[in-house]
Amino acid sequence: MTLTVFNSLTRRQEPFIPIESGKIGMYCCGVTVYDYCHLGHGRTCLVWDVVRRYLEWRGYQVHYVQNFTDIDDKILKRAQDEGTTMEEIAERFIQAYFDDMERLGVKKADAYPRVTHALDGIKRLVSQLENQGYAYAANGDVYYAVHQFPDYGKLSGRKLEDLKAGASGRVEETDPDIHKKYDPFDFALWKAAKPEEPSFSSPWGEGRPGWHIECSAMVKQELGETIDIHAGGGDLMFPHHENEIAQSEAATGKPLARYWLHNGMVKVEGEKMSKSLGNFITLRDLLDRVDPMVLRLFMLQTHYRKPLDFTDEGLAGARNGWNTLREGLLFKTHYGKQLGWDHNPPQKSDEQIQKRFAEVVDDDFNFAGGLPILFELAKELRREGNLLLHQGTTEASAKELAVKWHTLAELADVLGLEAKAEETTSSASSLSDEEIETLVQQRTQARKAKNFAQADQIRDQLKAKGVILIDQPGGETRWYREQ
RNA sequence: GGCGGCAUAGCCAAGCGGUAAGGCAGGGGCCUGCAAAGCCUUUAUUCCCCAGUUCGAAUCUGGGUGCCGCCUCCA
């Protein structure tokens with residue numbers, strides 16, 4: 001079995017071969033912390049979280065790094081609007097980020113570098129590029145000279161000439177610093193601060209780093225000159241990742257990343273959701289009304305490179321789908337004791353099923369294609385559980401069920417799907433077994449006497465207390481407490 | 001204007017040359033005093049359109065049509 005991934009750099013699907021066998025260095029472009037995370041951030045974090053989980057499951061040791069951009073004009077603007085500092089704003093939204101991600105079940109990265117902690121590396125890198133002739137200073141700014149880098153555009157498949165032809169005047173109109181640049185597509189590595197603005201000292205004067213240079217510096221600092229996987233949202237491909245390549249590869253002469261992976265955008269009502277369009281749904285608002293696992297399943301149902309249209313209808317489908325998986329996952333909680341798993345807990349997975357799953361998912365992280373395997377297991381377990389509940393027995397062996405459950409739990413964990421056992425509801429008003437038995441007896445008598453009004457009244461009374469009755473063929477009635 | 005992507009049932013969606021996974025929703029049946037729950041079963045002669053390659057195409061090629069993304073801050 002070989003894992004193959006779609007590499008944005010080559011626009012082809014390629015076998016995945018890490019630099020060092022068994023180990024993976026992975027960097028995912030994180031968020032600029034000037035506001036709460038929206039669904040788009042959620043998708044990106046979730047997709048790469050699952051990719052990372054999968055790689056680990058496949059036996060790789062993954063070193064996963066995700067950055068925070070905590071120096072940025074938008075953070076500064078918000079700080080000025082609120083009469084506070086960039087630090088305070090950044091800190092607030094970094095905390096919010098961690099809260100949201102924990103609720104979503106996203107595993108912690110191994111490192112969260114921040115621009116504010118990477119300034120020395122950034123300045124060193126800018127100096128180096130300047131010395132090498134890739135960058136030039138202009139009135140306290142430092143710009144990267146794109147024409148000096150012959151490969152510029154290789155990631156996004158653009159040529160500088162095409163870019164110029166396509167931009168046709170727009171760049172000049174919108175870029176106030178255009179007169180300082182040799183080329184309109186030169187971009188800032190370092191920007192001089194205006195008076196009153198927070199700034200950091202540098203060889204070029206007081207200022208702040210440009211947006212793209214931070215990632216080049218932090219990748220190098222955390223993972224080295226060439227990494228295995230560089231991931232991020234598809235909208236970062238140009239110019240952000242293109243510029244990262246230009247910076248890092250010019251400086252080191254080595255490839256920045258072997259595999260560039262990009263996830264598709266989230267759409268709302270068919271339109272891209274983005275901060276600039278203002279049509280975004282924040283993750284925290286959504287998580288207040290949607291089970292995080294439902295959201296996770298919803299997002300996993302679409303291949304990571306495809307656009308994902310967010311709709312209430314789709315979410316409702318995922319909600320029901322999650323119930324199915326959830327029932328399968330809770331099989332152990334509900335029936336384990338009955339099956340004697342207390343003493344002999346299930347601990348083996350079905351290797352054939354593991355293999356089937358891996359074969360599907362190895363094809364460019366096709367989680368959506370692997371999901372039916374989980375549904376297959378969950379439905380079988382649910383069915384067996386229902387038979388146990390309704391008939392008290394099942395023909396499947398306890399051992400067989402244990403393997404199925406263990407396999408399901410393992411694969412669900414790869415996808416980050418976790419079912420929490422529900423708290424027992426209505427415990428205060430719950431009846432004892434004896435009380436229930438008595439009422440059930442009374443109802444059976446009433447039914448025999450064809451006094452259905454009374455029988456139904458007892459049934460309703462028990463239902464109100466969370467006790468569900470099952471009339472079986474032959475007249476016997478089983479009952480269970482609602483879970 | 002340049003670059004790229006996508007079009008599969010009511011909805012979501014996998015599929016990458018060998019005769020349409022799966023989820024959701026829906027239909028039918030069994031059981032039942034009626035329910036509920038459960039169990040069983042069923043749902044695309046066809047993959048946007050047209051032409052071509054092939055023994056064979058949803059899958060490959062060419063041409064349309066429609067939608068979307070990037071080219072400016074964006075995950």
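Here is how names work: the chains are called A, B, and so on, in the same order as the sequence lines, proteins then strands, and each is numbered from 1. Hydrogens, waters and symmetry mates play no part in the numbers below; they use all other heavy atoms, side chains included. As the structure is a prediction and not an experimental result, all values here were calculated from the model.
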Worksheet item: Is it true that the side chains of A/Trp260 and A/Asn7 contain a donor and an acceptor less than 3.5 Å apart?
Response: no
Under-4.0 Å side-chain N/O to phosphate OP1/OP2 contact, [X] with [N]:
| X | N | answer |
| --- | --- | --- |
| A/Asn320 | B/rA25 | yes |
| A/Lys267 | B/rC67 | no |
| A/Asn386 | B/rA37 | no |
| A/Lys379 | B/rC24 | yes |
| A/Lys448 | B/rG33 | no |
| A/Thr324 | B/rC24 | yes |

For [X], answer base if it contacts any base atom (sugar-phosphate contacts may also be present), sugar-phosphate if it contacts only those atoms, and nothing otherwise; contact means non-hydrogen atoms under 4.0 Å.
| X | value |
| --- | --- |
| A/Arg11 | nothing |
| A/Met273 | base |
| A/Lys463 | nothing |

Tell which nucleotide pairs with [N], taking only Watson-Crick or G-U wobble pairs whose two distances are both under 3.5 angstrom.
| N | value |
| --- | --- |
| B/rU19 | none |
| B/rG26 | B/rU42 |
| B/rA7 | B/rU65 |
| B/rC31 | none |

Worksheet item: Given A/Phe68, which of A/Val115, A/Ile94, A/Thr116 fulfils the side chain to side chain contact (heavy atoms under 4.5 Å, CB included) condition?
Response: A/Ile94
Fill in: Options B/rG22, B/rA37, B/rA75, nucleotide nearest the side-chain atoms of A/Tyr480
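Nearest listed nucleotide: B/rA37.
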